[in-house]
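Notes for the one structure printed next.
Below, all heavy atoms of this structure are taken into account, side chains as well, without hydrogens, waters or symmetry copies. Letters go in sequence order (proteins before strands), and every chain restarts at 1. Quick caveat, the model's predicted, so the values are computed rather than measured.
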Amino acid sequence: MHTLTIAEQIKGLRNKDYSSRELTRHYLDRIARLDANYNSFVTVTEAIALNQAEAADARLAAGNAPALCGIPLAHKDIFCTAGVRTSCGSKMLDNFIAPYDATVVANYRRDGAVMLGKVNMDEFAMGSSNETSYYGPVKNPWDTRCVPGGSSGGSAAAVAAHLAPGATATDTGGSIRQPASLCGLTGLKPTYGRVSRWGMIAFASSLDQAGTLTRTAEDSAIMLNVMASYDAKDSTCVDAAIPDYTATLDRRLDGLKIGVPKEYFGEGLHPEVAAHVQAAIAEYQKLGASVREISLPHTHLAVPAYYVIAPAECSANLSRFDGVRYGYRCEDPKDLDDLYRRSRGEAFGDEVKRRILVGAYALSAGYYDAYYRKAQQVRRLIKQDFVEAFTEVDVIMGPTATAPAFEFGAKGNDPVAMYLEDIYTIATNLAGLPGLSIPCGLVDNKPVGLQLIGNYFAEAELLNAAHQFQLATDHHQLAAPGIE
Amino acid sequence: MEWETVIGLEVHVQLATNSKIFSGASTAYGAAPNTQACAIDLALPGTLPSPNEQAFRYAIMFGLAIDAEIGKRSVFERKNYFYPDLPKGYQTTQLESPIVGRGHVEILLADGSSKSIRIHHAHLEEDAGKSLHEDFHGMSGIDLNRAGTPLIEIVSEPDMRNSAEAVAFARKLHSIVTSLGICDGEMSQGSMRFDVNVSVRPKGSEEFGTRTETKNLNSFKFMEEAIALEVERQIELIEDGGKVIQETRLYNGDTRTARSMRSKEEANDYRYFPCPDLLPVVFEDDYIDSIRQQLPELPDARQQRFMDSYKLSAYDADILSADADTARFFEATVAACQDAKLAANWVMGEVSAHLNNDEKSIRDCPVSAEHLAGLINRIKDNTISNKIAKQVFESMWQGECDADTIIEAKGLKQMSDSGELEKIVADVIAANPAMVEDWLAADESKRKKKMGGFMGPIMKATKGQANPGLANQILSKKLNALL
Amino acid sequence: MDRSEIAKLAQLARIEISSSTVDEVAKSIGDVLALVDQLQAADTEGVAPMAHPLDAVQTLRADVVSESDQRELFQSIAPAAEQGLYLVPKVIE
């Protein structure tokens, strides 16, 4: 059952090949037996899952159940889940039982999807390797000596190891697409504002966006249909029509205009990754698309701008973790300052502290204009690059990551090297555009991804383009060799 | 040397919305601790702000009332600092693009002239919670019910030159916001709080001295005292060769002392930046115009109307129009008794004195406008004298129903029966031969005054119920008959 | 970044940094700042800062009380609460 896609499982449940309870039990057993190898789950919600599965079976039996009813999913531990620990990968929230559901979680709950548990992540979504989690690193199912990418590494590893057919995830600078690339999955980050951020623990509010990690583009479309909603509780959520993302997957790609930014093939890109990406683009030409080189001239400024804006926002967003109302509190604080300093000093990991300090610096008196304001101006330039490009092309394609998965510790002591992991993905977050990564080959027996960047709210077009590629190729069907 | 005081005010006004500025929790005063602090107010992880339209309407109403530019595109920023009453670790406020721009407020000075105080801007922000300093095993308790209550912070230019002007300005703001109905004006509940910036400079100097900020004054009286104290301190300090340092100070109204809040001074760097959870708030002209058209009457216009329609003096009209509730009370009284002068005297006199004495606001006045009018009507138709009326009012204040019932029950009705009164006057004349002799012997010009001497015994004999005019008339007739 | 600058930032952010790690923290923050300093070369003359990816404007909520008392639930996860209050070391104003 675990080799099936979500689309296939939806059919299987309706054909009564198996019940949701059987499907759920199967995944729970696999998690119990195999996850020690990957460390992808932080919390397994077995009792909840089985209850939800039984309720789903009843709805399925009654007919008219929503598509995802009875399908087991894993939620990134950044989404609040009522009554269930929501740790955000941090010691700070190790004891935090969320009193409410994130809108994303509520949407899946409403449609009868089954929650298998909460999956591991870089602490507060800050990281590109899943090495910053309080619950230990997640291992890449393709090679357990290597990282799965981050910050949605738990989501990616769980799906790649067939411990869940799909998982929710979030992407602030590449945290869905880069793990998708490193784990051989389809990862979708929708347009900023497409999915509600209510109940999703904030890292950088103007960049964070929830999305999906699945094996196929079709499964992404099925998941996005439920995840996307207008939510008045999130002021930045956009009230725009939400199409049925599965309805347009079959459109032919004749006449599709692909732009390939020359800046995405410069120094630092692994030559074999470049070759696979070029081959994938050539495949698109066979499918009827035209390809032209474009320029996104401010690409080199995306990482520097991001590492001002994201830390600045996070430095304020994480101030609420003060040991007063919830979360970690140090032992025997001697005064108020001590309570703050030690609670935060003891419970935040090094990377989180680093970003908070950088953010505080960039916003502090005398530096605001040189850093924060400058970064906001550069952000506009980066957006304008894309807006101009999309007057000429329909979709932009290039690599997702510079290289396949690296080994643990390879970039451990060099934050800047780690930050450059997201060099191709960060600009889309700054611009708020949708991005998607699909597998396009193996390098050193490890997967690499092709990134598709679409215009605002063009998720349907991106998913269609990805689905057509997956109909014509089998990169997405390769499973990690070691898994059962 | 002669010194000049320079004062600027920052005024926090709690807006009278039902729910908070960024959440659907109630803003009602006095609830049990933390029962009105919802997930957003507590800054639970993953929560996001949802702004309340009414807070903007109220802020715009204020802006229109002070003739200010309205920020058609206003932006929220985060002001970052750690404090236990500030759950997010930042206050959501406005800095670069506030909702209300430059405006002005007119105040009436003691000499009858008026002065314009410039408003630099007014912005919307959220209130903080409260730290309770009672001892919980050496800890402080935090109540976040107030956290997220909408505030406008009104920032004046340093246009005031003494504490009287500052108080007049503060009172005028109170009058404006209560007239608009955007604030309940309850100072004792913290609905309006004042931060006072004070500096001194040699008279004639153009340059400002170094200023201090005395924070969180919640009454006009404390404000006046705190300014006086601070001015005195600064002048003494400078005259002794010292220097005023820029600092935040705290005034204690109980001990009438102030001290420096050194804890607030340490390297405050608020790191303001636009709040990424909120988008620019944009208002079209139509929206602002519709608010303008619905503005209630403002104190200045009301004062003029009181002068015109009720023939009140500028002074009386100012007092009666300053507070919307007082104005309403006054007008309801006039409507029911048709005598503006008497109504004004009673509202400014007995009613105001009793309210002050009991520390009550006019909204909680135990005597309704209708009942007061009923009392005034009995004065007008000579049923009771002014003196008895005060006695009746006292009973009404104690909760004893309307004037007529009290007059009836206590037999306070004025003696206007001339037959009965004639007999009493005759008895008094008969009982006081010396006074009669004295009156008869007096010059014509002094007789009128000496006649007054008989009124005491007459009133005594009638337990004060004699209609003074009638008694006087009978007395005069009878005495003149003896000439 | 020297030790005193790190100490100042640590106080602004209320994060205890042990003296044995200050130099390491200073170095890594210095590295990040060197990365972001590339921004200084960008020509941003006349470019308006961009705080949000979309040019959207705020929608406003009607003034309705929608939340009820959930104190018990919220304080069940509090490190220290008594008589409905959150407790913290003495606040000195």
Is [X] close to chain C through its backbone or its side chain, or both, or neither, when contacts mean heavy atoms under 4.5 Å?
X        : answer
B:Arg57  : neither
B:Ala31  : neither
B:Tyr58  : neither
B:Pro280 : both
B:Ala37  : backbone
B:Pro51  : both
B:Leu15  : neither
B:Ser23  : backbone

Quick one: [atom1] on [X] to [atom2] on [Y], what's the gap to the nearest 0.5 Å?
X       : Y       : atom1 : atom2 : answer
C:Leu12 : B:Tyr81 : CG    : OH    : 14.5 Å
C:Gln75 : B:Leu42 : CD    : CG    : 8.0 Å
C:Phe74 : B:Asp41 : CZ    : CG    : 9.0 Å
C:Arg61 : B:Ser50 : CZ    : OG    : 5.5 Å

Close side-chain approach of [X] and [Y], heavy atoms under 4.5 Å:
X        : Y        : value
C:Val57  : B:Val281 : no
B:Leu279 : C:His52  : yes
C:Leu85  : B:Leu132 : yes
C:Glu67  : B:Ser19  : no
C:Glu82  : B:Met139 : no
C:Gln58  : B:Phe76  : no

> With no hydrogens and no angle check, is any side-chain donor or acceptor of B:Asn34 less than 3.5 Å from a backbone partner on C:Arg71?
Replying inline: no
Taking everything shown except [X] itself, do over 12 heavy atoms lie less than 6.0 Å from its [atom1]?
X       : atom1 : answer
C:Lys90 : NZ    : yes
C:Arg3  : CZ    : yes
C:Gln40 : CD    : yes

Portion of [X] that has a non-hydrogen atom of chain B nearer than 4.5 angstrom:
X       : value
C:Glu72 : neither
C:Ala81 : neither
C:Ala56 : both

> In terms of heavy-atom pairs under 4.5 Å with chain C, which of B:Ala55, B:Cys275, B:Ser140 leads?
Replying inline: B:Ser140
> Highest number of heavy-atom pairs under 4.5 Å with chain C: which of B:Gly89, B:Ala39, B:Gly129, B:Pro274?
Replying inline: B:Ala39
>> I'd like to know which of C:Val64, C:Asp63, C:Leu60, C:Val88 tops the heavy-atom pair count under 4.5 Å against chain B.
In response: C:Asp63
>> How close do C:Val91 and B:Tyr83 get, counting heavy atoms only, and between which atoms?
In response: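 Result for this residue pair: CG1-OH, 3.1 Å.
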